[in-house]
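Read through the structure below, which is laid out as structure tokens, and then see the notes.
Computed over heavy atoms, backbone and side chain alike; hydrogens, waters and symmetry mates excluded.
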There are 2 protein chains.
Amino acid sequence: MVTLPRTAGEIGSATGSAHEQVYRSLRSRIMHGEIDPGEALTLRGIGKEFGVSMTPARESVRRLAAEGALTMSSSGRITAPDLSADRIEELAALRALLEPELAARALPRAHLALIDRLRAINARVSEFVAKQDAVGYLRTNLEFHRTLYLRAQAPAMLAMVETVWLQLGPTMRALYARRNRTDLQKHHRMILAALAAGDEPALRLAVRTDVTQGLKMLVA
Amino acid sequence: MVTLPRTAGEIGSATGSAHEQVYRSLRSRIMHGEIDPGEALTLRGIGKEFGVSMTPARESVRRLAAEGALTMSSSGRITAPDLSADRIEELAALRALLEPELAARALPRAHLALIDRLRAINARVSEFVAKQDAVGYLRTNLEFHRTLYLRAQAPAMLAMVETVWLQLGPTMRALYARRNRTDLQKHHRMILAALAAGDEPALRLAVRTDVTQGLKMLVA
DNA sequence: TCGCGCGTTTTGTGATCACAATCCCCCCAT
DNA sequence: ATGGGGGGATTGTGATCACAAAACGCGCGA
């Protein structure tokens with residue numbers, strides 16, 4: 001394999017270095033439940049898939065492992081994490097702690113345009129629920145939350161929540177199967193109503209409930 | 001440089017791979033304020049210092065950068081982060097959100113032995129304050145908090161708080177200079193009192209105050 | 001004296017290689 | 001049929017190299 005000029009496969013504007021492309025791609029897969037808990041990955045396999053050598057593959061994997069998105073055995077073997085019930089509960093508690101705060105910080109800046117955008121995303125969520133598409137549902141559901149939290153202007157806090165999502169990613173799809181589809185949308189509607197009303201306590205509660213609801217099912 | 005047998009410089013039991021040693025060492029320095037904001041590092045420099053090649057140095061640096069402990073410019077230049085006031089405020093808010101929760105979770109498990117250990121650590125904190133040793137103070141102060149939070153049995157939450165500490169590390173020492181030394185200890189004593197009394201609301205408040213107090217000074 | 005090019009040096013990136021540890025699978029003995 | 005052992009294949013680790021881009025410094029010109 002030869003060092004190609006930097007413009008080889010890049011489509012639009014600066015896509016970033018090789019290891020970043022690999023990182024983003026893997027991260028997205030993991031966060032959206034496209035990788036099963038316990039599934040194994042290899043550096044050479046990743047490298048081959050993305051057309052790069054082991055070096056950027058290794059950096060991506062190490063970074064994801066540092067963020068808890070992947071597990072490395074003592075011998076260095078790479079797998080998607082299979083979370084214990086305790087760990088899931090803890091991560092759920094983190095979401096319940098952080099996300100209402102982010103929502104509350106976003107509230108004063110939530111104009112009508114944002115609420116409309118959220119409604120549109122929520123419509124797409126409904127489609128995926130109807131189509132029983134777990135990955136699509138996870139993706140749009142997280143997009144709903146992220147779109148709201150982006151308004152909080154709190155990048156470090158958002159990054160932290162996304163790390164939690166990442167850790168929960170592989171487990172999420174399994175979780176989706178058990179979830180009661182009908183009241184999925186109810187919580188999002190409560191969030192939208194509280195946003196429109198400018199009611200912070202209601203918003204905090206709605207977000208906390210939405211976050212907690214789905215995750216507590218796994219433990220039960 | 002030659003690949004040495006794995007048992008080369010290892011003292012006790014498995015110290016971990018080369019990049020992990022480098023990572024732990026750098027992380028400790030950063031978290032305890034031994035690196036100034038804006039200070040530059042180089043992969044070859046790190047490698048030379050630890051007697052390893054660029055590869056493990058690079059992995060350590062990338063990992064630390066992913067955790068926000070180091071900044072990488074678009075050209076890949078490595079520096080310790082120089083935080084904006086907004087960012088500091090946000091990280092302080094994260095501490096104020098997470099640490100009371102960890103303390104509250106530790107409370108039911110906080111036996112007398114733990115409180116005694118905390119008192120002992122607190123005494124060492126006082127020594128460093130008296131000696132005007134900023135790094136020593138930072139180290140023992142964080143040890144005080146970590147010892148308490150370890151009892152919460154919440155590894156993911158603790159990891160998250162430590163990431164916040166890490167990001168604040170380089171800025172912390174500058175902060176220390178402005179801090180009113182006399183009421184530093186007051187808050188720790190309040191924490192100990194609330195722990196001994198088993199009073200959760202008081203504990204949450206004491207932790208939140210301790211955390212907030214020092215950090216709000218930078219913004220002012 | 002100050003600013004600005006240009007060449008040298010430094011620095012990060014990615015590929016490749018040697019190596020040791022581990023895993024996997026197949027075969028054989030019981 | 002089943003369990004254990006052994007050998008080949010796979011895998012992560014770290015060193016080294018080539019390369020391009022950025023940084024630095026030095027000297028020349030205004």
Side-chain angles (χ1 to χ4, degrees), chain A residues 1-10 13-26 35 38-82, chain B residues 1-10 13-26 35 38-82:
Chain A
M1 198 166 292
V2 164
T3 306
L4 296 175
R6 203 51 63 79
T7 49
E10 304 186 4
S13 57
T15 335
S17 41
H19 90 264
E20 185 147 344
Q21 292 184 22
V22 176
Y23 168 76
R24 292 214 180 285
S25 190
L26 287 179
I35 296 187
E39 190 173 332
L41 299 177
T42 66
L43 297 184
R44 286 170 176 87
I46 294 168
K48 192 173 298 178
E49 179 182 346
F50 290 92
V52 298
S53 80
M54 292 172 55
T55 312
R58 187 159 31 149
E59 290 183 0
S60 314
V61 164
R62 292 218 96 97
R63 178 163 172 191
L64 289 164
E67 294 172 319
L70 291 175
T71 298
M72 301 193 62
S73 81
S74 59
S75 71
R77 236 59 176 218
I78 308 155
T79 57
D82 198 357
Chain B
M1 200 165 291
V2 164
T3 306
L4 296 174
R6 201 54 59 82
T7 48
E10 304 187 3
S13 56
T15 335
S17 42
H19 90 262
E20 184 147 345
Q21 293 184 21
V22 176
Y23 169 76
R24 292 213 180 286
S25 191
L26 287 179
I35 296 187
E39 190 173 331
L41 299 178
T42 66
L43 297 184
R44 287 171 175 86
I46 294 168
K48 192 173 297 178
E49 178 182 346
F50 290 92
V52 299
S53 80
M54 292 172 56
T55 311
R58 188 158 31 147
E59 290 183 0
S60 314
V61 164
R62 291 218 98 97
R63 179 164 173 190
L64 289 165
E67 294 173 320
L70 290 174
T71 298
M72 300 193 63
S73 81
S74 60
S75 72
R77 238 57 177 218
I78 308 154
T79 57
D82 198 356

note = Output for pair (A:Ile78 CD1, A:Leu64 CG), nearest 0.5 Å, gives 10.0 Å

task = Spell out yes or no: do the side chain of B:Arg62 and the base of C:dG12 have one donor N/O and one acceptor N/O closer than 3.5 Å?
result = no

query = Which residues in residues 38-46 of chain B have at least one heavy atom lying under 4.0 Å from any atom of DNA chain C?
reply = B:Leu41, B:Thr42, B:Leu43, B:Arg44

task = Can you check whether any acceptor in the base of D:dG14 is under 3.5 Å from a donor in the side chain of B:Arg58, or vice versa?
result = no

inquiry  = Counting only side-chain heavy atoms from C-beta out, which of C:dG14, D:dA23, D:dT13 sits nearest to B:Arg77?
reply    = D:dA23

Which donor-acceptor pairs under 3.5 Å do side chains of residues 38-48 of chain A form with protein atoms, sequence neighbours excluded?
{"residue": "A:Glu39", "atom": "OE1", "partner": "A:Asp36", "partner atom": "N", "Å": "3.0"}
{"residue": "A:Thr42", "atom": "OG1", "partner": "A:Gly45", "partner atom": "N", "Å": "2.9"}

message = Below the 4.0 Å mark, does D:dG14 have OP1 or OP2 next to a side-chain nitrogen or oxygen of B:His19?
response = yes

request  = May I ask you to say what A:Thr55 touches in the nucleic acid, namely base, sugar-phosphate or nothing, with a heavy-atom cut-off under 4.0 Å?
outcome  = base

query = Taking all atoms of both residues into account, what is the closest heavy-atom pair of A:Gly68 and A:Pro81, and its distance?
reply = O-CG, 3.9 Å

Interatomic distance, B:Phe50 CZ vs D:dA15 P [rounded to whole Å] = 13 Å

ask   = Does D:dA22 have OP1 or OP2 sitting under 4.0 Å from an N or O in the side chain of B:Ser75?
value = no

key: Separation of C:dG14 P from A:Lys48 NZ (nearest whole Å)   = 20 Å

query = Quick one: B:Glu59 CD to D:dG12 P, roughly how many Å, whole number?
reply = 12 Å

inquiry  = Please check this pair: side chain of B:Ser25 against backbone of B:Gln21, looking for a donor-acceptor N/O pair closer than 3.5 Å.
reply    = no

request  = Kindly state each residue pair satisfying salt bridge (Lys or Arg N to Asp or Glu O under 4.0 Å) with at least one member in residues 60-78 of chain A, sequence neighbours excluded.
outcome  = A:Arg62-B:Glu59

query = Which of these nucleotides, C:dG14, C:dC23, D:dG14, is closest to any side-chain atom of B:Pro56?
reply = D:dG14

Interatomic distance, A:Glu20 CD vs C:dG12 C1' [rounded to whole Å] = 14 Å

request  = Check every atom of D:dT13, C:dG12, D:dA15 against the side chain of A:Met54 and return the nucleotide holding the closest atom.
outcome  = D:dT13

